[in-house]
Protein chains: 2
Amino acid sequence: MPKDTFLNLPKEKQERIIDAAIDEFATHSFHQARVTAIAEQAEIAVGSFYQYFEDKMDLFKYLMEAVVQKKISYINRDTMENKGKYPFFQLLREAFSSGIRFAKENPRLLPIGLMLMKDKALYREIFGEHVDKGIDFFRQMLEEAKAQGEIDPAIDPRLAAHMIAGMTFSLSDFVYADGKVDQDDMAIIDQMLYIVENGLKKK
Amino acid sequence: MPKDTFLNLPKEKQERIIDAAIDEFATHSFHQARVTAIAEQAEIAVGSFYQYFEDKMDLFKYLMEAVVQKKISYINRDTMENKGKYPFFQLLREAFSSGIRFAKENPRLLPIGLMLMKDKALYREIFGEHVDKGIDFFRQMLEEAKAQGEIDPAIDPRLAAHMIAGMTFSLSDFVYADGKVDQDDMAIIDQMLYIVENGLKKK
DNA sequence: GGCGAATATGAATTCATGTTCACATGAAGC
DNA sequence: GCTTCATGTGAACATGAATTCATATTCGCC
């Protein structure tokens with residue numbers, strides 16, 4: 001949590017610092033990111049940085065929590081609250097589509113999120129022991145869908161959950177690497193879902 | 001490339017060093033891995049390390065090249081040489097199955113490979129500019145399969161290639177995380193392929 | 001056994017970076 | 001204008017790790 005000194009800062013200055021941090025963490029891993037670089041780009045003294053945050057990790061956690069909040073804000077509230085009412089593949093579509101909207105509108109946050117997801121030790125340090133929230137989320141959805149007879153009973157929900165979680169990465173990587181956000185996004189999602197759906201659906 | 005001094009070492013000592021390196025790189029990223037720790041575990045002086053290798057990267061590249069060779073050795077030679085003759089989904093099965101056999105028989109190499117694949121900057125430094133060899137490989141296979149009418153013409157081979165490459169990760173992660181190599185491996189692969197096949201196949 | 005070259009050694013050096021701290025600045029109240 | 005207090009500053013310090021280097025040891029050969 002940043003110190004009060006930071007929170008008391010004029011919004012403009014706060015933003016300059018956050019922006020600098022995003023730039024640094026988007027292009028370097030947590031360990032390789034330099035406090036000095038952030039201070040330089042934000043045009044503050046290094047000493048000031050430590051008036052605002054306990055240390056580098058303090059800033060990073062703050063950033064990540066903000067990113068998670070932002071990410072969550074992209075999920076349709078109704079879908080969230082009435083999960084039980086919708087068919088599995090529709091929920092999945094919503095999950096993918098909110099993900100791609102987030103990626104499209106926050107291109108600089110995407111690589112930071114990807115890096116974090118790929119560094120399990122770091123992830124654990126920030127969000128605690130339970131490393132695979134995403135996989136758990138999909139697994140649970142899959143188990144319910146299986147109970148509802150929506151998907152092929154032969155499917156192992158754990159394996160499928162891993163696959164789907166992996167796919168959200170592929171999607172992010174695809175979007176990020178090729179910058180293919182300009183082509184019809186929903187077409188990409190639908191193609192992916194089409195593949196997944198044909199694979200999982202009860203025949 | 002290690003120096004001659006290393007190559008002249010008795011096999012036993014070479015192995016001690018390589019083993020120590022594998023342990024270190026399996027539990028730490030390249031940047032976090034410590035030369036000192038490797039030297040300690042191998043019971044050589046830090047100075048000796050630099051008699052054997054130019055620097056940390058030199059050792060790491062050497063290791064990675066060995067890993068790639070080993071990985072390749074798991075691919076069925078006949079499949080490699082007569083790629084054109086086999087149907088796409090059979091090739092895919094072979095690719096997955098060689099991957100899982102490799103993972104099973106080299107559990108300590110798996111996390112190193114995973115880490116490398118996830119760190120694109122590092123990957124580039126070791127294998128050169130062309131970061132996505134795996135994706136390219138699948139894309140090419142998919143394009144040929146599409147031309148042969150094996151897969152749904154609506155599929156974008158680039159997207160599907162990303163998905164399949166991502167899936168090989170999911171598979172590795174799954175195998176690595178849960179240590180689920182004891183359950184019937186081919187059953188896992190077949191389930192994954194079943195999903196993929198139903199998703200991609202020409203209807 | 002004596003000799004030189006190759007190899008082994010780990011303390012010392014270098015370097016990069018996070019963090020601290022003594023001092024500077026400026027705004028608010030008197 | 002003076003005092004106080006919060007905030008700003010960047011040089012100095014602490015740390016940790018890669019790399020070097022002067023010295024010791026080993027090994028093959030005569």
Side-chain angles (χ1 to χ4, degrees), chain A residues 1-64 115 119 121-122 125-126, chain B residues 1-64 115 119 121-122 125-126:
Chain A
M1 218 168 21
K3 300 179 181 173
D4 287 343
T5 353
F6 178 74
L7 300 171
N8 294 336
L9 247 34
K11 273 275 169 292
E12 185 274 326
K13 195 167 187 178
Q14 285 191 21
E15 269 169 30
R16 235 167 51 222
I17 295 168
I18 294 303
D19 264 21
I22 290 176
D23 280 353
E24 182 70 3
F25 287 123
T27 47
H28 303 82
S29 72
F30 173 75
H31 292 286
Q32 291 191 276
R34 291 173 319 126
V35 170
T36 312
I38 295 171
E40 256 168 35
Q41 199 193 314
E43 295 182 296
I44 62 169
V46 183
S48 301
F49 179 91
Y50 287 90
Q51 303 278 18
Y52 306 148
F53 302 94
E54 291 299 336
D55 50 27
K56 185 162 73 158
M57 182 56 88
D58 186 30
L59 162 62
F60 191 67
K61 282 185 182 168
Y62 176 65
L63 251 188
M64 287 308 99
M115 265 181 208
D119 186 339
L122 191 61
E125 181 149 4
I126 290 175
Chain B
M1 218 166 24
K3 298 180 184 175
D4 286 343
T5 349
F6 178 74
L7 301 171
N8 294 337
L9 247 34
K11 273 274 169 293
E12 184 275 327
K13 195 167 187 177
Q14 285 191 21
E15 270 170 30
R16 233 167 53 222
I17 295 167
I18 294 303
D19 264 22
I22 290 176
D23 280 353
E24 182 69 5
F25 287 123
T27 47
H28 303 82
S29 73
F30 173 74
H31 291 286
Q32 291 191 276
R34 291 172 318 128
V35 170
T36 310
I38 295 171
E40 256 168 35
Q41 199 192 317
E43 296 183 293
I44 61 170
V46 182
S48 302
F49 180 91
Y50 287 90
Q51 302 277 17
Y52 306 148
F53 301 95
E54 291 299 337
D55 50 27
K56 185 163 74 160
M57 182 56 88
D58 186 29
L59 162 62
F60 191 68
K61 280 186 182 168
Y62 176 65
L63 252 188
M64 287 307 100
M115 266 181 207
D119 185 337
L122 191 61
E125 180 149 5
I126 290 175

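Predicted model only: the values in this text are computed from it and were never measured. Residue numbering restarts at 1 for every chain, and letters A, B, ... go by the order of the sequence lines.
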Should the ring pair B:Phe25 and B:Phe30 be called parallel, tilted or perpendicular, given that the plane angle runs from 0 to 90° and is split at 30 and 60?
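If you compare the ring of B:Phe25 with that of B:Phe30, the planes turn out parallel.
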
Report yes or no: is the cationic atom of A:Lys3 (NZ for Lys, CZ for Arg) closer than 6.0 Å to the six-membered ring centre of A:Phe53, at no more than 45° off its axis?
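No, A:Lys3 and A:Phe53 do not form such a contact.
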
With a 4.0 Å cut-off on heavy atoms, is [X] in touch with a base, just the backbone sugar-phosphate, or nothing at all?
X	answer
A:Ile38	nothing
B:Ser48	base
A:Ala37	nothing
A:Tyr52	sugar-phosphate
B:Lys13	sugar-phosphate

Distance check needed: [N] [atom2] versus [X] [atom1], whole Å only.
X	N	atom1	atom2	value
A:Asp4	D:dC5	CG	P	18 Å
B:Leu7	C:dA6	CG	P	16 Å
B:Asp55	C:dC15	CG	P	16 Å
B:Gln32	C:dT17	CD	C1'	14 Å
A:His31	D:dT15	NE2	P	19 Å
B:Glu40	D:dA17	CD	C1'	12 Å
A:Phe49	D:dT9	CZ	P	14 Å

Give a yes/no on whether any side-chain N or O of B:Tyr50 is located under 4.0 angstrom from OP1 or OP2 of D:dT19.
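It does, given that an N or O in the side chain of B:Tyr50 lies less than 4.0 Å from OP1 or OP2 of D:dT19.
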
Within the structure, does a side-chain N or O atom of A:Asn8 lie under 4.0 Å from either OP1 or OP2 of D:dT7?
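Answer is yes, contact under 4.0 Å.
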
Atom pair CD1/CZ of A:Ile44 and A:Phe49 - distance to nearest 0.5 Å
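Rounded to the nearest 0.5 Å, the CD1-CZ separation comes out at 7.0 Å.
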
To the nearest 0.5 Å, how far apart are CD1 in A:Ile22 and CG in A:Leu63?
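One gets 5.5 Å once the value is rounded to the nearest 0.5 Å.
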
Where the side chain of A:Ala45 is concerned, which of D:dG10, D:dT19, C:dG18 is the nearest nucleotide?
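Taking heavy atoms from C-beta onward, the closest nucleotide is D:dG10.
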
When you check the gap from the basic side-chain N to the acidic O, do A:Arg16 and A:Glu12 get nearer than 4.0 Å?
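Salt bridge present between A:Arg16 and A:Glu12.
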
